[in-house]
Amino acid sequence: MAAFSVDCGYVRPEDETPVRTNTDSEAGIDGNASDGGEPSAPTIQRAVITIGGQPEAEDDEEDIVKPLPDRLVNELTAYRTLALRDAVANNPHVAMTAALHKFCLDTFQHSAAGSCLEASVRHVFFSIQPPDLKDSAPAKAVAERNEAWKADLPKDEATLWDWLAALDDSSRATLLAHCVSFGVNALYEKGDRYGGPGVSVHGVQRRLVRADRLARAVGLDMVEAGGRPSTTISAVSPSPASSRRCARQRANSPRSSSTT
């Protein structure tokens, strides 16, 4: 029959947990009792753990700043973002300054991503354009106005914020209109009918309808803007119904009847 045997482990004396018999208040500096009586028991040396022959450095927890968990940081910044939205909504002047600051960076400096305001003006360029477009009256007016503002705006981002905050309301509104204008897109282009990455046919139609509304709002007159008759003709082909209607009108006109 097998017997159960237990062997005691061997522990070095210096590895044992020290047991102090006297408190610090009872012991004197020279090892004698504080009242001058019998000397206190000898101090037991604590074990020292070594790595590679060198004592392990103890971490000073008070000097080490441990990073917060990512999830906790996300939750804290989510609350802060919501509170900041509410604060900006109740301060129109700061809201205008923030929008102007971001729009100016987009328009004049073409800054990279990383802004705290998810609003932007994307400069729309013309892939197809008439050869004399750059010499047109609107092109010259836009270029002159842009150079004038560019000469006044500070180049440093922090300085730009302070400059915009101190700007009078009329100048702020004028600068905002200039920056927003670079995002206007009234271009006709061939839409993607098969759901590709480009703009869809419906998207192009909706863009042109909204561009017409914008033109009516600003009272755009292409003749006064220097446009030639060819630039005012719609690029969209007439529908079959409108073609038949025009044919009937021509057939019923007095000039048509007189020539028959």
Looking only at atom types and distance, does a side-chain atom of S120 sit under 3.5 Å from a main-chain N or O of R122, one as donor and one as acceptor? no

Between OH on residue Y79 and CD on residue E75, distance to nearest 0.5 Å: 13.0 Å

Please walk me through it: do V124 and V184 pass side-chain contact (heavy atoms from CB on, under 4.5 Å)? CA-CA 7 Å; V124 179; V184 173; over 6 Å; no

Atom pair CH2/CG of W163 and L100 - distance to nearest 0.5 Å: 9.0 Å

CG (L187) and CD (Q129) are apart, to the nearest 0.5 Å, by 10.0 Å

Are the side chains of L153 and C104 in touch, meaning some heavy atoms are under 4.5 Å apart? yes

Nearest 0.5 angstrom please: L175 CG to M96 CE, how far? 10.0 Å

Within a strict 4.5 Å, meaning less than it, do heavy atoms of the L160 and L105 side chains meet? yes

Less than 4.5 Å apart, side chain to side chain, heavy atoms only: is that true for N146 and T107? yes

N90 side chain to D86 main-chain N or O, any donor-acceptor pair under 3.5 Å? yes

Quick one, E144 with K140, criterion salt bridge (charged side-chain N to carboxylate O under 4.0 Å, His left out). Give me CA distance, side-chain angles, the key distance, then yes/no. CA-CA 6 Å; E144 291 175 0; K140 293 180 179 179; over 6 Å; no

For K102 and A119, indicate whether the former's side chain and the latter's backbone hold a donor-acceptor pair under 3.5 Å. yes

When rounded to the nearest 0.5 angstrom, what distance separates CZ in R85 from CZ in R80? 13.0 Å

Less than 4.0 Å between a side-chain N and a carboxylate O, is that true for D168 and R172? no

K190 atom NZ, over 12 foreign heavy atoms within 6.0 Å: no

Indicate yes or no: at least one non-hydrogen side-chain atom of T97 is less than 4.5 angstrom from one of L167. no

Test your reading of the model: is there a side-chain donor-acceptor pair from H178 to the backbone of A173, 3.5 Å cut-off? no

Pairing of R207 and E189 as salt bridge, 4.0 angstrom limit: yes

Indicate, with yes or no, if the rings of F103 and H101 have centres closer together than 6.0 Å. no

With rounding to the nearest 0.5 Å, note down the distance linking CG in L72 to OG1 in T77. 9.0 Å

